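The block underneath contains the structure these notes are about, expressed in structure tokens.
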Amino acid sequence: MSIGCKKLKRSHLGLIFVVFITLVACSNRPCQARVYIDINAPYLRKIPTAIPIFKDMASVQSHAQFGKMLSELLTETVKFMGFFKILDRESFIEDPPKARFLEHTINFKNWTDIGAELLIKGGFEYKADLLQVELRLLDTFGGRLIVGRRYTGRPEDHRRIIHRFCDEIILRLTGHPGIFSTRIALVSTTTGNKEIFIADFDGYNPKQFTNTGTITLFPAWSSDGKWLAYTDYRHGKPELFIRNIKEERGTVVGLEGSSITPAWIPGRFALAASLSHEGNPAIYLLSGNGKIMKKLTRYWGIDVAPAWSPDGKEFAFVSNRSGSPQIYIKNVEDGSVRRLTYEGRYNTSPQWSPRGNYIAYVGLANGKSDIYLIGTDGKGPIQLTRDAGDNESPTWSPDGSLIAFSSTREGPSRVYVMNANGTNQRRLLLLEGNQTNPSWSPRLTGD
Amino acid sequence: MTSKFWRGLAVLLVIAGLMCVASCAKKPVVSEPAVTPAAEEEAEAKRLAAEREARAAQKALEEERLREERLREQAMLRKEMAERERFLNEDIHFEFDKSRLLSEAKEILKVKAKWLRARPDVSAIIEGHCDERGTNEYNIALGDRRAHSAKGFLIDLGIAGERLTPISYGEERPVDPGHNEEAWAKNRRAHFVIQ
């Protein structure tokens, strides 16, 4: 087994350099074609995966804890997707290799014997204040390297290095890019007011984003991840704000009435929102500068909560035109409107799957809110949450495999995440106060 | 001796007479100023007392009038305050997921219209609120409709639309934090605030 360094690339992550590692034996056949995980499958078999503690390639004793921390971080990160069953290290046959990581030859039988189908190995080294991390994903039964990378960056970049490799792992195994560069915006009452906070995809490091001192709601990411639209009451009424995330600039859409539920059109600097300045809440198209371009729905009652299809040709929305809130789909090209939900008297908060074929929404039945999934053709619906408080505000991960949502299952409203089939529900983060309105970012480049 | 006696008696008598005359003559001179000023004083005192009394009575009457006026004013102020309080505190209520006005709500709005009509310089904010059930985005839209229902009814009763600003709070500002029908019924409301 030999290693060939194919190319050296300056990454988007500032100081991090990446070296692509491939096996000579592998370069002759199409080893990336196989899809290990079909994220469209309704029930996933979790792949048994072994992740030994990362090796300190320079063998510095004081760095042992760092290797453990890195391997734990990688374990938690890949586990987040719900695709893997991480094997207990106690069951490993192979001792931590004595040999230097790079020269070590893998005895795949030691791993297949304990049931591991995938093996993720890692090594690291400090070189002149820089951290070098080498990571490999191996197919134990196939006895081959699926992907290998060597990253060089500042020691404090270790989270991003691990996230980048995990993105590679997910891309190789599912055919879709991973989501480990994404973040989640949410509303929290931590300060006593409703403010928007932004955390990493896994709830790590939540930071307060707005400081309105009032009610702030409905964060929505532009598809390039550079803008956040939201509603706040700082001028005494619910107004729409469009704010650049990094720079201190943005626009206030200072209309009378309620300006709520912004939703950016994929790939465009434009958004839809529900505005009631003309009397009743209707859906309008606005430019990213806050200029009203067009009225998209016409009805005397309530039209609210637009959610765009991935191709931007249709949007789902909520209307009470049939007497109670139901979800409709409008085609912006031919102007047609069709009703999507018929079950139940109260269906709201549609969110179109980034993969196009499903809409997640909130249904209220017997006084309880739950998350449902319905095909855009009306097939279903499938109930994803049940008997666990009120569950609201679904938001898709950009690969369409996960849904974050708010729930009162533990008392206060908090943000949870689950696989798109409703399995693997767990709390995303713990903050003072109540958390609502989570909104998953697109994949973000740079920092 | 006898003539001496009589002469002496006569002298005595004369003296006595003189004394008597003297005293008689003197008496009015002495007593006159003593009697007359006292009566005058008494009369004056009476007059003053009467005057004081009259003044006091007048003052009491005036005070009574002022008090009554104050009371009337206070009562009016209280009534005014009560009407204002009622305008501000008497919410109209709605059914779940509905923005139509119930007959009770219409009666309350008629009182509010009367109050607004008498105060053409007053502008009001009509807050639309919802209970916690359902989703917060739909509830802002619903609160918007509720505030507009109230505004539309007041416009029909002759209040200028420019004086009425609807603002929806959805489920964000409940008056009762409870999670039961009693709390929900209180929270499904339109609330008035003077601008």
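Note that the coordinates shown come from a computational prediction; the quantities given were computed from them, not determined experimentally. Every chain is numbered from 1 and lettered A, B, ... according to where its sequence line falls, protein lines coming before strand lines. Below, each value reflects all heavy atoms present in this structure, side chains not excepted, and no hydrogens, waters or symmetry copies.
Proximity of a side-chain donor or acceptor of Glu172(B) to a complementary backbone N or O of Ile215(A) within less than 3.5 Å is not detected. Judged by distance alone, the side chain of His148(B) and the main-chain N or O of Asn280(A) form no donor-acceptor pair under 3.5 Å.
Within a 6.0 Å radius of CG in Asn180(B), more than 12 heavy atoms belonging to other residues, nucleotides or ligands are found. Annotation: Glu432(A), atom CD; neighbour count of heavy atoms from other residues, nucleotides and ligands within 6.0 Å does not exceed 12. For Arg338(A), the CZ atom is densely surrounded, since the number of other residues' heavy atoms within 6.0 Å is greater than 12. Annotation: Arg339(A), atom CZ; neighbour count of heavy atoms from other residues, nucleotides and ligands within 6.0 Å is above 12. The environment of Gln195(B) atom CD is dense: over 12 non-hydrogen atoms of other residues, nucleotides or ligands sit within 6.0 angstrom. The local environment of CD in Glu104(B) is sparse, with at most 12 non-hydrogen atoms from other residues, nucleotides or ligands closer than 6.0 Å. Other residues, nucleotides and ligands place no more than 12 heavy atoms under 6.0 Å from the CD atom of Glu53(B). A 6.0 Å sphere centred on NZ of Lys59(B) holds no more than 12 heavy atoms belonging to other residues, nucleotides or ligands.
Nearest heavy atom pair, residue Ile260(A) against residue Ala141(B), reads CD1-N, 4.2 Å.
Between Tyr138(B) and Tyr346(A), the two ring planes are perpendicular [angle over 60°; tilted spans 30° to 60°].
The line from CD of Glu137(B) to CD of Glu392(A) is 8.0 Å long, rounded to the nearest 0.5 Å. Between the OG1 atom in Thr436(A) and the CG atom in Asn136(B) there is a gap of 6.0 Å [rounded to 0.5 Å].
Contacts between Thr165(B) and chain A at a heavy-atom distance below 4.5 Å involve the side chain alone, from C-beta outward. For Tyr169(B), the parts sitting under 4.5 Å from any heavy atom of chain A are the backbone and the side chain alike. No part of Ile125(B) comes within reach of chain A, as not one of its non-hydrogen atoms sits under 4.5 angstrom from that chain. Looking at Lys194(A), the atoms closer than 4.5 Å to chain B (heavy atoms on both sides) all sit in the side chain, from C-beta outward.
The side-chain heavy atoms of Ile140(B) and Leu217(A), taken from C-beta on, include a pair separated by under 4.5 Å. Counting heavy atoms from C-beta on, the side chains of Pro238(A) and Ile167(B) come closer than 4.5 Å. You'll find the side chain of Ser393(A) stays beyond 4.5 Å of the side chain of Thr135(B), heavy atoms only.
Of the listed residues Ser349(A), Gly301(A), Ser369(A), the one with more heavy-atom pairs under 4.5 angstrom with chain B than any other is Ser349(A). For the set Val304(A), Thr261(A), Thr231(A), Thr348(A), the count of heavy-atom pairs under 4.5 angstrom toward chain B peaks at Thr348(A). Between chain A and the residues Arg133(B), Arg145(B), Lys151(B), the most heavy-atom pairs under 4.5 angstrom are made by Arg145(B). With chain B as partner, the option from Leu364(A), Asn437(A), Asp303(A) having the largest number of non-hydrogen pairs under 4.5 angstrom is Asn437(A). When Gly236(A), Ser274(A), Gly363(A), Gly279(A) are compared by the number of non-hydrogen pairs under 4.5 Å with chain B, Gly279(A) comes out ahead.
Under the rule for a salt bridge (Lys or Arg N to Asp or Glu O under 4.0 Å), Arg117(B) has no partner lying at least two apart in sequence or in another chain.
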